[in-house]
Undergrad: 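Provided herewith is a single structure, encoded as structure tokens, for subsequent inquiry.
Side-chain atoms are counted along with the backbone in the values below, which use heavy atoms only and exclude waters and symmetry mates. Sequence lines set the chain letters: A, B, ... in the order given, protein chains first and strands last, and positions in each chain run from 1.
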Protein chains: 2
Amino acid sequence: MTPDRRSEAAWDLVRDRLHAEGLRWTPQRRTLVQVLSGTRGHITGSEVVERCRELDPTTTPSTVYRTLDVLEELGYVSHHHGIDGREEYHVLPTDEHGHLHCHGCGGSWEILPSEADAIAGMLDAGRSFTVDRSHITITGLCAGCTAATSGNGA
Amino acid sequence: MTPDRRSEAAWDLVRDRLHAEGLRWTPQRRTLVQVLSGTRGHITGSEVVERCRELDPTTTPSTVYRTLDVLEELGYVSHHHGIDGREEYHVLPTDEHGHLHCHGCGGSWEILPSEADAIAGMLDAGRSFTVDRSHITITGLCAGCTAATSGNGA
DNA sequence: ATTAATGCAAACGGTTTGCACTACT
DNA sequence: AGTAGTGCAAACCGTTTGCATTAAT
């Protein structure tokens, strides 16, 4: 139904999926799929546009966003809003997981499934809230930035 | 240093704080403070503008955003990006806490300090990441929406 | 009088849309 | 040929900025 969540080869089938839906396989879509298949985790809309432009400078934002919509309907990506305030697309072949965001260095770490489970379990136990494990985003300071912050003034 | 985290009366001191910094107390700022003092938790920039306009229809966005910056420097509010993709301001007199966001009904619940502690502790233990407990935002489905979703098709 | 703050209007960045044109099928 | 998809350019929304004006001090 949705593409194999593991293999990047799932992208090879996009063309056929499109055809199966009566949709078309165009150079622009090829470019976009090329970008997405080389992306792990998430990426913002404008980043997608940017990367597509590296491959094909004639890339147009509207086409990218529209195709992203189509791919979302086919189950290849999903989008929501990220901490940086822009549309953020999740590329599906990646394992679903939450993120830890350091506002010191801007770095990002994955929240392990076991951790997500623990968090989800705790919150669910208290009030029957079903946590969306793939979208947990927690901010703070990573080890490095914590040290830097507490060590010297700045 | 920063205003008393508990009493809303802290807002009464804004005027003096401004004066102490050589800044001015204007009708527009009075309106904004009125809105903020009646706000618990968080609010987006455009919502602030909207509410100020209810009190004073002549309110201008630029003034609101600029004053919000000033108040942030004074420690009355802090801002970051919310799940809905817009600037989100935290009004400080409120207890600091994270939120649970239901994307079924759009509702929002507070994450208890004890829960935040547990989450922060777990994440810190694994990789020395210092969680910002006041900004934990977790999405999912609340009890009501979970039932609605699994119960009947829609 | 001084200069912080305001209001306007225009700019910005990311995203969306209408429409005529192109090109996959 | 027929219609999905494209590119352009303009619109949108929330936010930011420059600048001349207003007003708190």
Undergrad: What residues form a salt bridge (Lys or Arg N to Asp or Glu O under 4.0 Å) with D117(A), not counting sequence neighbours?
TA: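 For D117(A), the residues satisfying salt bridge (Lys or Arg N to Asp or Glu O under 4.0 Å) (neighbours in sequence not counted) are R133(A).
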Undergrad: Taking CZ from R17(A) and P from dT25(C), how many angstroms apart are they, rounded to a whole number?
TA: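 Between P of dT25(C) and CZ of R17(A): 16 Å.
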Undergrad: Quick one: L32(B) CG to dT6(C) P, roughly how many Å, whole number?
TA: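 Distance check: L32(B) CG to dT6(C) P gives 9 Å.
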Undergrad: Once side-chain contact (heavy atoms from CB on, under 4.5 Å) is applied, do any residues pair with T58(B), and if so which ones, sequence neighbours excluded?
TA: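 Listed in chain order: D56(B).
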Undergrad: Tell me whether the side-chain N/O atoms of Q28(A) come closer than 4.0 Å to OP1 or OP2 in dC24(C).
TA: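 Looking at the OP1 and OP2 atoms of dC24(C), neither is under 4.0 Å from any side-chain N or O of Q28(A).
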Undergrad: Just the rounded figure in Å: distance from P of dG13(C) to CZ of R53(A).
TA: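 To the nearest whole Å, that distance equals 13 Å.
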Undergrad: Any side-chain heavy-atom pair from E21(B) and L18(B) closer than 4.5 angstrom?
TA: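 E21(B) does not reach L18(B) side chain to side chain.
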Undergrad: Take atom CG of L68(B) and atom P of dT6(C), then tell me their distance rounded to the nearest Å.
TA: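 That distance rounds to 12 Å.
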Undergrad: Going by side-chain contact (heavy atoms from CB on, under 4.5 Å), name the residues that satisfy it together with R53(B), two or more places apart in sequence or in a different chain.
TA: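 Here the qualifying residues are V49(B), T59(B), P61(B).
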Undergrad: Which residue pairs satisfy the salt bridge (Lys or Arg N to Asp or Glu O under 4.0 Å) criterion with at least one member in residues 119-128 of chain A, sequence neighbours excluded?
TA: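 Passing the test, one end in residues 119-128 of chain A: R127(A)-E115(B).
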Undergrad: R15(A): which residues meet the side-chain contact (heavy atoms from CB on, under 4.5 Å) condition with it, sequence neighbours left out?
TA: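 Residues passing side-chain contact (heavy atoms from CB on, under 4.5 Å) with R15(A): H19(A), W25(A).
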Undergrad: Establish, with yes or no, whether the OP1 or OP2 oxygen of dG7(D) is under 4.0 angstrom from a side-chain nitrogen or oxygen of T63(A).
TA: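 Answer yes for this pair, as a side-chain N or O of T63(A) is under 4.0 Å from OP1 or OP2.
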Undergrad: Using whole Å, what does the distance between atom P of nucleotide dT25(C) and atom CD of E21(A) come to?
TA: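 E21(A) atom CD is separated from dT25(C) atom P by 14 Å.
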Undergrad: Return a single string for nucleotides 16-25 of chain D, one symbol per nucleotide in 5' to 3' order, where B is base contact, S is sugar-phosphate-only contact and - is none, cutoff 4.0 angstrom on heavy atoms.
TA: BBB----BBS
Undergrad: As a test of reading the structure: which of dC8(C), dG7(D), dT6(C) is closest to the side chain of T67(B), going by heavy atoms?
TA: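 Nearest nucleotide to the side chain: dT6(C).
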Undergrad: For E50(A) and dG13(C), give me the distance from atom CD to atom P, rounded to whole Å.
TA: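 Rounded to whole Å, this separation is 12 Å.
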Undergrad: How long is the line joining CD1 of I43(A) and P of dG14(C), in whole Å?
TA: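 From I43(A) CD1 to dG14(C) P: 13 Å.
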